[in-house]
Student: 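Quick one: the structure is below, questions incoming.
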Amino acid sequence: MASEPEKVVPPVEAPVAEPEKAAPPPSTTRPTDYFAVADVVLRLLVFASALVSVVVMSTSKETEMLPYPRPAKFTQSPALIYFVAALSVAGFFSLITTLGSLYSLIKPGCCAKIISHFIVIDVLLLGIVASATGAAGSVTYIGLKGNTYVGWEKICTLYGKFCRYLGASIGVSLFASVMLVLLVLLSVYSLSKKIPK
């Protein structure tokens, strides 16, 4: 009997294991600290408003022809001089603290120490800006309304442009005061988040 040829069975291939998907590399960027970004933005707003307020107050000059030419300018009032000096200091320190805040945004390890210093500076600046705004506001109010009890006449009827400049400058400095209050609150809140519980 003739033997049948053996059937050759092809070898069974082992199932190929799919390569495991490699885990994505760990992210090298850290999450955005929105408090630090808000801090930088508020500091820039304080700087901008202080700068605008000083420029508007410094350019407030008007000359009226009364019997003879009489100029009205901010250097004639000690309160307005104090206002320009105080807002200049506030603008300078807000620029410095903006740079420090940007540094702490780039290198977050030193953040708690910088924030604690910023709180002190911001509170001092708030006091200075608020007092200067109040002093300039009182002088401007007397110029606008006068004081009949002591015989001080209104000057804003004569020097309208000068008074508008004063009012605009004081309004912008009030905005700077509000931004400083928000900065103090934000700094205190950010520092309280860093305290271990």
Student: Answer with yes or no whether the hydrophobic clustering places I142 together with I155; edges join I, L, V, M, F, W, Y residues whose side-chain heavy atoms lie under 4.5 Å apart.
Tutor: no
Student: G91 and F47: which non-hydrogen atoms are nearest, and at how many Å?
Tutor: O-CD1, 3.2 Å
Student: With hydrophobic residues grouped by side-chain heavy-atom distances under 4.5 Å, do L44 and L102 end up in a single group?
Tutor: yes
Student: Quick check: closest heavy atoms across I128 and Y82, and the distance to 0.1 Å?
Tutor: O-OH, 3.8 Å
Student: With heavy-atom distances below 4.5 Å as the criterion, would you say the side chains of M57 and L166 are in contact?
Tutor: yes
Student: Hydrophobic clusters here meaning ILVMFWY residues chained together by side-chain heavy-atom distances under 4.5 Å, can you tell me if V120 and V89 are in one?
Tutor: no
Student: Spell out, as yes or no, whether a donor-acceptor pair under 3.5 Å connects the side chain of E64 to the backbone of A72.
Tutor: no
Student: Side-chain contact test, heavy atoms from C-beta onward, threshold under 4.5 Å: evaluate it for D39 versus S190 and give yes or no.
Tutor: no
Student: Answer yes or no: is there a donor N or O on one side and an acceptor on the other, between the side chain of S58 and the main chain of V55, under 3.5 Å?
Tutor: no
Student: Under a single-linkage definition using a 4.5 Å side-chain heavy-atom cutoff for Ile, Leu, Val, Met, Phe, Trp and Tyr, are L51 and V172 assigned to the same hydrophobic cluster?
Tutor: no
Student: Nearest 0.5 Å, what's the CG-CG distance between L183 and D122?
Tutor: 5.0 Å
Student: Indicate the atoms forming the closest heavy-atom contact of A79 with A135, along with that distance.
Tutor: CB-O, 3.8 Å
Student: Would you say the side-chain atoms of T98 pair up with the backbone N or O of V40, donor to acceptor, closer than 3.5 Å?
Tutor: no
Student: Should L42 and L185 be regarded as members of a common hydrophobic cluster, given that ILVMFWY residues are connected when their side-chain heavy atoms come within less than 4.5 Å of each other, either directly or indirectly?
Tutor: yes
Student: Would you confirm whether S187, through its side chain, and V184, through its main-chain N or O, come within 3.5 Å as a donor-acceptor pair?
Tutor: no
Student: State, to 0.1 Å, how close P71 and Q76 come at their nearest heavy-atom pair, and which atoms those are.
Tutor: O-NE2, 3.0 Å
Student: So how far is it from S177 OG to L87 CG, rounded to the nearest 0.5 Å?
Tutor: 8.0 Å
Student: What distance separates F175 CZ from L180 CG, expressed to the nearest 0.5 Å?
Tutor: 10.5 Å
Student: Roughly how far, to the nearest 0.5 Å, is the CG atom of L95 from the CZ atom of R43?
Tutor: 11.5 Å
Student: Any donor and acceptor pair, going by atom type alone, linking the side chain of S77 with main-chain N or O of F74 inside 3.5 Å?
Tutor: no
Student: Does atom OH of Y159 have more than 12 heavy-atom neighbours, drawn from other residues, nucleotides or ligands, at distances under 6.0 Å?
Tutor: yes
Student: When rounded to the nearest 0.5 angstrom, what is the spacing between OG in S104 and CG in L99?
Tutor: 11.0 Å
Student: Between E62 and L158, is there a side-chain heavy-atom distance shorter than 4.5 Å?
Tutor: no
Student: Are the side chain of S169 and the backbone N or O of S53 linked by a donor-acceptor pair below 3.5 Å?
Tutor: yes
Student: Test I121 against every option in L124, I119, L125 by the side chain to side chain contact (heavy atoms under 4.5 Å, CB included) rule and name the one that passes.
Tutor: L125
Student: How long is the span from the CG atom in L144 to the CZ atom in R164, to the nearest 0.5 Å?
Tutor: 12.0 Å
Student: Quick check: do I170 and T140 have side-chain heavy atoms less than 4.5 Å from each other?
Tutor: yes
Student: Can you name the nearest heavy-atom pair linking F118 to T97, along with the distance?
Tutor: CZ-O, 3.4 Å
Student: Counting only heavy atoms not in Y141, do more than 12 fall under 6.0 Å of its OH?
Tutor: no
